Protein chains: 2
Amino acid sequence: MTDELLRALADPTRARIVELLAAEQLCVCHLVELTGATSSNLSNHLRVLRGVGAVEAEPAGRFTYYRLRPEVLEVVSAHYAGLASRARLALVVKRPCD
Amino acid sequence: MTDELLRALADPTRARIVELLAAEQLCVCHLVELTGATSSNLSNHLRVLRGVGAVEAEPAGRFTYYRLRPEVLEVVSAHYAGLASRARLALVVKRPCD
DNA sequence: TCGTTGCATCAGCGCGTGCTGACATCACCG
DNA sequence: CGGTGATGTCAGCACGCGCTGATGCAACGA
């Protein structure tokens with residue numbers, strides 16, 4: 001669970017990409033029309049998502065299909081679930097000020 | 001699940017604050033010594049976390065205690081769990097190019 | 001009551017980062 | 001083979017945003 005992964009997923013445009021890829025595999029041309037962003041813009045964002053392992057690319061002729069990597073999303077989900085669980089226990093603990 | 005919430009939690013300093021608050025309630029003076037950040041810096045970050053409902057403040061005399069709101073973290077966890085779940089199904093769906 | 005301490009707020013600065021546009025590359029099709 | 005379209009890369013710019021330092025304020029203690 002790196003900060004980098006969380007930051008990658010927290011960007012609005014990239015979050016939108018992840019939402020779209022959660023429904024079906026898409027190539028960049030689909031993402032262009034679905035998001036309204038330019039292709040170079042999307043290409044940059046997709047590189048970030050690839051860099052943190054959130055998506056993987058599958059070249060298919062002229063096109064490039066992208067799909068999510070569910071395990072990575074599950075790691076993030078488990079991270080926040082663990083925090084939430086510990087946070088419940090922490091509600092009854094209060095460190096004294098001196 | 002707003003982008004704002006995700007962005008708030010994805011910042012490294014704020015993520016550190018959340019980690020610390022997942023163990024016990026702390027006042028700002030504790031966070032100052034635990035993180036090494038300045039109090040005004042922390043105050044700014046805590047305002048952001050309050051703004052998205054991730055933490056709540058409890059004034060106690062001169063001090064201000066902060067605690068996490070586990071429900072919010074659970075919402076985030078569930079959000080990513082849902083994405084992961086849908087992403088698994090999406091692996092067998094591929095939208096054709098044209 | 002006055003000084004101290006913990007915390008919040010704000011303006012200003014500087015850096016990180018997202019967006020753009022131009023270019024390169026590669027695959028397909030005529 | 002040339003043309004076209006899909007994608008990736010990069011430099012440059014602009015804006016957002018985190019950090020800082022000064023200030024204000026409220027609560028406690030001497």
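In what follows, every chain begins at residue 1, and chains take the letters A, B, ... in the order their sequences are listed. All of these numbers come straight from a predicted model, not from anything done at the bench. These values consider heavy atoms only, across backbone and side chains, with no hydrogens, waters or symmetry-generated copies.
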Considering every strand and a 4.0 Å limit on heavy-atom distances, what is the contact class for A:Y66: base, sugar-phosphate, or nothing?
sugar-phosphate
Just call it for B:T64: base, sugar-phosphate, or nothing, with non-hydrogen atoms closer than 4.0 Å on any strand.
sugar-phosphate
Looking only at heavy atoms, the pair that brings B:C97 and A:Y65 closest together is N-OH, 3.3 Å
How many Å lie between CZ on A:F63 and P on D:dG5, as a whole number?
12 Å
To the nearest 0.5 Å, atom CG of B:L9 lies from atom CZ of B:R7 at 12.0 Å
Under 4.0 Å, heavy atoms only, any strand: does A:C97 hit a base, just the sugar-phosphate, or nothing?
nothing
Between atom CD of B:E19 and atom OG1 of B:T35, what is the distance when rounded to the nearest 0.5 Å?
13.5 Å
Do B:H30 and B:Q25 have side chains that get closer than 4.5 Å, going by heavy atoms?
no
Ranking D:dT7, C:dT9, C:dC7 by distance to the side chain of A:S43, first place goes to D:dT7
Please report the distance, rounded to the nearest Å, between CD in B:E58 and P in C:dG6.
18 Å
Could you state the CG-P distance from B:L46 to C:dC7, rounded to the nearest angstrom?
10 Å
What integer distance in Å separates A:L49:CG from D:dG8:C1'?
15 Å
Which atom pairs, donor and acceptor, lie under 3.5 Å between side-chain atoms of residues 47-55 of chain B and protein residues at least two apart or in another chain?
residue : atom : partner : partner atom : Å
B:R47   : NH2  : B:N44   : OD1          : 3.2
B:R50   : NH1  : B:Y66   : OH           : 2.5

Rounded to whole angstroms, how far apart are CD on B:E33 and C1' on C:dC7?
15 Å
So how far is it from B:R95 CZ to A:L21 CG, rounded to the nearest 0.5 Å?
10.5 Å
Across nucleotides 18-30 of chain D, 5' to 3', mark each nucleotide with B, S or - according to how protein heavy atoms within less than 4.0 Å reach it.
SSBBB----BS--
Short side-chain N/O contact from B:R47 to OP1 or OP2 of C:dA8, under 4.0 Å
no
Separation of C:dG16 atom P from A:D3 atom CG, nearest Å, is 16 Å
Stepwise, does the side-chain contact (heavy atoms from CB on, under 4.5 Å) test hold for A:R88 with B:E74?
CA-CA 11 Å; A:R88 291 216 175 270; B:E74 276 158 9; 3.0 Å; yes
Side-chain atoms of B:C29 come closest, of D:dA6, C:dT9, C:dG6, to C:dG6
